[in-house]
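Encoded as structure tokens, here's the structure I'll be asking about.
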There are 2 protein chains.
Amino acid sequence: MSDIAHYALSDWGTSRFRLWLVDAAGNVIAEKRSDDGLDASRNRGFADTLEGHLSALGAPADLPVIVCGMAGSRQGWVEARYVPVPADLRAILSGAARIENIARDVRIIPGLSQSGHSPNVMRGEETQLLGAILARNLSNRIIAMPGTHSKWVSLQEGRATGFSTYLTGELYALLSSQSILRHSIGDAASSASPDHPQFAASIELMLSGERMLGELFGIRAAMLLDDLSPEGAASRLSGLLIGAEIAGAKAKSSDGITLVASGAMAALYGAALRIAHLDFDLVDADEAVRKGLFVAASSIWPSKG
Amino acid sequence: MSDIAHYALSDWGTSRFRLWLVDAAGNVIAEKRSDDGLDASRNRGFADTLEGHLSALGAPADLPVIVCGMAGSRQGWVEARYVPVPADLRAILSGAARIENIARDVRIIPGLSQSGHSPNVMRGEETQLLGAILARNLSNRIIAMPGTHSKWVSLQEGRATGFSTYLTGELYALLSSQSILRHSIGDAASSASPDHPQFAASIELMLSGERMLGELFGIRAAMLLDDLSPEGAASRLSGLLIGAEIAGAKAKSSDGITLVASGAMAALYGAALRIAHLDFDLVDADEAVRKGLFVAASSIWPSKG
């Protein structure tokens, strides 16, 4: 491994900012994580925020930076266009938007859009998707990328043909902290466990066709009538939401699934997919986005490699 | 109509307080509505809050008061017990809890509970339910009571045999004001319309078996890609949630439906039920809760009538 930085890679989302310096082979030399998402960065200025983090890692002034995520949205730094599906993911490599009027070469990767009767957009996940496709040489596959807004992408002969978004993570956060269910979950929102019996029971319930909307209040009632614990309540809410997501996605395809996730997310979704008898392989989400960013950087600045 | 008050009736919920003085026949003599729900009242004291509103209406010191709603919950004034289903609704008339250590005779009507694999509770709606049953002499029926936590009750031979709760209203409020969808709906949350084409299309989509969780983000995407208006976005969100509720309830029964609702709620749910080809008749929600409260008062204090 060399210690000379060739590119800086950044995943810049609504609520978090991540930055890696990598060598010519894509190995990580230095890393920075912060809460400088869109809202925080807009106030300070996107260029200043980025330069501050680069400087903290000792990055040279001429190091090129490739960015994916909501920094490329209308509310972000500059608006990078959307590549419409069906699309070969390599199309995102040539569509990166360059930031003007700054000394450093910074480019933002475009998102994906889906027009028609089921309109949809993604920003950030397209880079994770590209990384996962290249890491596993995928061509006919369903790619599941769980998160605040979970994305499920259909890949046919290597092309992304369509995708769905599930509001699973955002709904979990809202329901556990702001709805009537906050009285049942309290501080246990991060304690949802794939090993809790409530998790598996809820996944099964959603797979059987029940409506999630009609099951949420049962968490509150089970606390009042059956002394359901906060961990049980969190596991049940997690199971209802992830179960509804998987039941919705399961109905749409019989292709094998690649799950792109890390940590607790990988554990919860992995358990849910097993309960649903869906075959899957796992790609680490952080590695996937770094691989996608590195491939994009190598394509834009090949002479650097 | 006499102008002598025989009873005071109160529907005292989490976020709102309503009070009526009625004559011997149940006709309304005076009315008060306020935001003195549970949280506001707990600080000032429940007795002082109630006396303040009674005094503003000129109620005599010995006027008995019957209360339904969350004032009877563990977080309320005193905890009124739950009557377990299956139950004859008249059971709630004899189970009212009397407030101790105050001069005035105040009673709180018990809620309903459902034990077993689908635990559930209600407080306040049981009184509306009783009122609706008596107003229409219902015996085999589904009673739909939309709201923050919509209740659907199965009535067989006049007995409540079971019920479901849908978090429709609470989810609408959270999603329209706090989620990513707030950018699409803005100040138009109260502009959801049963006449907007997005409303009917969303109801149809949910009746076709789609998962609500996978359709919410489409509202955001349709704004970005297709310039969906705030009113359209609000109508679409309303249609997705109400559609999911009705699809869930529709799967469970073929009995006729009595919709207990007022105002905008009656218009939205009425339109949704028509789109779903479900026969229903309408009972005004305010009249139903007053009738239930009046019947309870007449039963507890018959000599007053």
Side-chain angles (χ1 to χ4, degrees), chain A residues 14 73-75 82 84 113-122 148-152 164-168 170-171 173-175 177-181 183 201 205-206 209-226 228 240-245 247-249 251-252, chain B residues 14 73-75 82 84 113-122 148-152 164-168 170-171 173-175 177-181 183 201 205-206 209-226 228 240-245 247-249 251-252:
Chain A
T14 301
S73 70
R74 207 172 295 175
Q75 288 79 36
Y82 292 112
S113 66
Q114 172 172 279
S115 301
H117 77 285
S118 188
N120 218 322
V121 292
M122 68 167 75
T148 305
H149 300 155
S150 295
K151 304 288 181 184
W152 289 69
S164 305
T165 302
Y166 294 81
L167 223 64
T168 314
E170 181 159 23
L171 216 44
L174 283 174
L175 287 168
S177 68
Q178 311 228 35
S179 80
I180 181 85
L181 303 184
H183 301 301
L205 188 67
M206 289 299 97
E210 283 295 329
R211 293 270 172 178
M212 179 260 291
L213 188 65
E215 299 297 330
L216 295 170
F217 188 79
I219 295 171
R220 169 75 171 157
M223 192 202 78
L224 293 172
L225 301 176
D226 303 335
L228 179 65
L240 291 176
L241 293 172
I242 294 176
E245 177 180 338
K252 289 179 184 160
Chain B
T14 302
S73 71
R74 207 172 296 174
Q75 289 80 35
Y82 292 112
S113 66
Q114 173 171 279
S115 301
H117 77 285
S118 188
N120 218 323
V121 292
M122 68 167 74
T148 305
H149 301 156
S150 295
K151 304 288 181 184
W152 289 70
S164 305
T165 302
Y166 294 81
L167 225 63
T168 315
E170 180 158 23
L171 215 44
L174 282 174
L175 287 168
S177 69
Q178 311 227 36
S179 81
I180 181 84
L181 303 183
H183 301 300
L205 188 67
M206 289 300 97
E210 284 296 328
R211 293 270 171 178
M212 179 260 292
L213 188 65
E215 299 297 330
L216 295 169
F217 188 78
I219 295 171
R220 169 75 172 157
M223 192 203 77
L224 293 172
L225 301 176
D226 303 334
L228 180 65
L240 290 176
L241 293 172
I242 294 176
E245 177 180 340
K252 290 180 184 160

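Atom set for the values below is all heavy atoms of this structure, side chains included, hydrogens, waters and symmetry mates excluded. Each chain gets a letter, A, B and so on, in the order its sequence line appears, and its residues count up from 1.
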Q.
To check you understand the geometry: which heavy-atom pair defines the closest contact between A:Ser150 and A:Glu245, and what is its length?
A. CB-OE2, 3.1 Å
Q: Go through A:Ser115, A:Ala201, A:Ser179, A:Ser118 and name the one with the most non-hydrogen pairs under 4.5 angstrom from chain B.
A: A:Ser179
Q.
On a heavy-atom basis, which atom in B:Tyr166 and which in B:Ala249 lie closest, and how many Å separate them?
A. OH-N, 3.3 Å
Q: Let me know if A:Leu167 has heavy atoms under 4.5 Å from chain B in its side chain, its backbone, both or neither.
A: both
Q: Pick one of side chain, backbone, both or neither for B:Leu213, based on which atoms fall under 4.5 Å of a heavy atom in chain A.
A: both
Q: Name the member of B:Leu175, B:Asn120, B:Leu205 that forms the most heavy-atom pairs with chain A at distances under 4.5 Å.
A: B:Asn120
**Q.** Proximity breakdown for A:Glu170 and chain B, heavy-atom pairs closer than 4.5 Å
**A.** side chain
**Q.** Structural part of B:Gln114 lying under 4.5 Å from a heavy atom of chain A
**A.** backbone
Q.
For B:Asp226, which atoms come within 4.5 Å of any heavy atom of chain A: side chain, backbone, both, or neither?
A. side chain
Q) How close do B:Gly209 and A:Arg211 get, heavy atom to heavy atom, and via which atoms? A) CA-NH2, 3.7 Å
Q | Plane angle bin for B:His149 and A:Phe217 - parallel if under 30°, tilted between 30 and 60°, otherwise perpendicular | A | tilted
Q) What part of B:Gln178 is in contact with chain A, defined as an atom under 4.5 angstrom from a non-hydrogen atom: side chain, backbone, both or neither? A) both
Q | Exercise: identify the closest heavy-atom pair between A:Gly116 and A:Pro119 | A | O-CD, 3.5 Å
Q. In Å, rounded to the nearest 0.5 Å, how long is the span from NZ of A:Lys151 to CE of A:Met122?
A. 5.5 Å
Q. For B:Leu228, is it the side chain, the backbone, both or neither that has a heavy atom under 4.5 Å from a heavy atom of chain A?
A. neither
Q) Do B:Leu171 and B:Met212 come close enough that some side-chain heavy atom pair is under 4.5 Å? A) yes
(Q) Below 4.5 Å, heavy-atom pairs only: which of B:Ile180, B:Ile219, B:Leu224 has the largest tally toward chain A? (A) B:Ile180
Q. Which residue out of A:Thr168, A:Leu225, A:Leu216 racks up the most heavy-atom pairs below 4.5 Å with chain B?
A. A:Leu225
